[in-house]
Protein chains: 2
Amino acid sequence: MSVTEAAPRASERAYRALRDEIVRWELAPGTVLAEVELAARLGMSRTPVREALARLVSDGLAVAVGGRGLAVAPMDLDQVRDVYEVRQALETHAARLAARRGDPGVFAALADELAATTTSADADPGHVAYYDLVARLDAAVDAAAGNPYLAAALAPVRTHLARIRRAAQHDPARLAAAAVEHRTIAAAIAAGDADLAAHATHVHLHHSLQHAVANVARTTQEPPA
Amino acid sequence: MSVTEAAPRASERAYRALRDEIVRWELAPGTVLAEVELAARLGMSRTPVREALARLVSDGLAVAVGGRGLAVAPMDLDQVRDVYEVRQALETHAARLAARRGDPGVFAALADELAATTTSADADPGHVAYYDLVARLDAAVDAAAGNPYLAAALAPVRTHLARIRRAAQHDPARLAAAAVEHRTIAAAIAAGDADLAAHATHVHLHHSLQHAVANVARTTQEPPA
DNA sequence: CCCCGGCTCTCTGTATGCACAGGGCCCGTA
DNA sequence: TACGGGCCCTGTGCATACAGAGAGCCGGGG
């Protein structure tokens, strides 16, 4: 009955574990990814680890270093800008499609939730509830777009974004503004206004990128405090 | 000295071989991809074949069937439309970036070549010269955009497109029109007109999709003649 | 003291072996 | 004859074994 399939395959577990560790900066950019070490740490053989590493490379989360050996992909401002460019191209399009094809009720409900949610650090230190809500909006957009190729192209971009987000500081002012932007997007989709949904997404990504660039600049190697 | 690195790794050879066979319809949609059989046919062990199959799955060229076993991804009209949607989102954006960042000389030269090329079936039965020219334009756009994430997202889409193209008929009228459309795109990028480049790309993809839909409809399972 | 050459040693890439699970087929029964 | 159950067998997923290549290191020579 679980929504996400169990899929207890070792290679899948390895992929998710490594991806999450990279996103959480537990594996910092530049960290070498040695197969034997990872296999030992994850309690499996090299074979599924190799498969997981291949997926990380295709996601752009791991890069070949020196022709031999892999490392966690570095993070610099150019890379952040590039990721946001692709994200803008795909998400504005997805927002358009969702506005045309989505169920208005779903997005109206999400807009209401976004209006009611709090972004204060006191109530929710990690902002898990807020980010979960945003993730649900993303998922609803993907589902409404109904395009598996779009979702597949967006998935690695979203993973990169999650890593970038950890480097940027979650200051309350930005979070409150982002909540309003997300609410605007959800409302536009609910209203079936494709242009507005696309433009609101563009605006949101612009502000998000500005904030990320300003904050990532000083923390390209070490995780946030 | 080769432009494309040799990389004689078996897994890479397997990936390219299978991908090309799928694109050429030598492996028709629905064909089961058994590891042992492929390993024997390609003259290697199952290990690199497994790696190649994993990449094909992540590209969307192979799909799991029945929980166990893989098959060449099927092709239907909805899928073609979905691929073109993603292609439109990414390529219009890439064209914009190329117009802003690209070297005008490169694209002016490509526009001239596109103006001079012939699309007659008599001179070039497989239209290899023409498609090679288009591929060079795509590569130039990717290079000018200078965004590895964009290029990575576009690569599997372009592979799908190549397979779709085989199902559509190459009638001379469409090819001549496409050549003009491509020339317009190249000229717009050379002129640094981002809007025009994006819109010309949109128009081209619209016509290309219309043509593909009209022709793929009757050949979803068998390769073209 | 610095530089170069060879050696070793680790790490990747590939091959092979093993176990489990799912599906198909055959046989028995109603 | 049609249906159900159980067995076999193929095929995947994982583990392990093997070979080659590149990097680092140590020693010798200038």
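Proteins get letters first, then strands, A, B, ... in listed order; numbering begins at 1 in each. Note that the structure is a prediction, hence the values are computed from the model and not measured.
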Inset, instruction - For salt bridge (Lys or Arg N to Asp or Glu O under 4.0 Å), just list the numbers for B:R158 and B:E91, CA-CA rounded to whole Å, side-chain angles, deciding distance to a tenth of an Å, and then say yes or no. - result: CA-CA 10 Å; B:R158 293 239 173 87; B:E91 291 226 357; 3.0 Å; yes
Legend entry - A:R101/B:E85 under salt bridge (Lys or Arg N to Asp or Glu O under 4.0 Å): CA gap, chis, key distance, verdict: CA-CA 14 Å; A:R101 303 173 184 168; B:E85 260 177 18; 2.2 Å; yes
Inset, instruction - Begin from the C-alpha positions of A:R16 and A:E12 and carry the test salt bridge (Lys or Arg N to Asp or Glu O under 4.0 Å) through to its verdict. - result: CA-CA 6 Å; A:R16 294 184 189 175; A:E12 182 69 21; 2.9 Å; yes
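Side-chain atoms of A:Y130 and A:H182, non-hydrogen and from C-beta on, do get closer than 4.5 Å to each other.
Between chain B and DNA chain C, the heavy-atom contact criterion of under 4.0 Å yields a 5' to 3' nucleotide range of C:dG13 to C:dG22.
Residues that satisfy the side chain to side chain donor-acceptor pair (under 3.5 Å) test with B:H93, not counting sequence neighbours, are absent from this structure. Evaluation of the side chain to side chain donor-acceptor pair (under 3.5 Å) rule for B:H207 yields B:E181 as partners, not counting sequence neighbours.
Of the side-chain N and O atoms in A:T47, none sit less than 4.0 angstrom from OP1 or OP2 of D:dC14.
In this structure, CD1 on A:I22 lies 13.0 Å from CE on A:M75, to the nearest 0.5 angstrom.
Taken over five-pair windows at either terminus, the axes of the helix from C:dC1-D:dG30 to C:dA30-D:dT1 are inclined to one another by 0° (rounded to 10 degrees).
At a cut-off of 3.5 Å, with distance as the only test, a side-chain donor of B:D59 or B:Y15 sits close to an acceptor on the other residue. Judged by distance alone, the side chains of B:Y84 and B:H160 never bring a donor and an acceptor atom under 3.5 Å apart.
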Legend entry - Contact state string [nucleotides 7-12 of chain D, B base, S sugar-phosphate only, - no protein heavy atom under 4.0 Å]: ----BB
Show every donor-acceptor pair shorter than 3.5 Å between a side-chain atom in residues 35-45 of chain B and any protein atom, with sequence neighbours excluded, or say none if there are none.
{"from": "B:E35", "atom 1": "OE1", "to": "B:R46", "atom 2": "NE", "distance (Å)": "3.1"}
{"from": "B:E35", "atom 1": "OE1", "to": "B:R46", "atom 2": "NH2", "distance (Å)": "2.9"}
{"from": "B:E35", "atom 1": "OE2", "to": "B:R50", "atom 2": "NH1", "distance (Å)": "2.8"}
{"from": "B:R41", "atom 1": "NH1", "to": "B:E21", "atom 2": "OE1", "distance (Å)": "3.3"}
{"from": "B:R41", "atom 1": "NH1", "to": "B:E21", "atom 2": "OE2", "distance (Å)": "3.0"}
{"from": "B:R41", "atom 1": "NH2", "to": "B:E21", "atom 2": "OE1", "distance (Å)": "3.1"}
{"from": "B:S45", "atom 1": "OG", "to": "B:T47", "atom 2": "N", "distance (Å)": "3.1"}

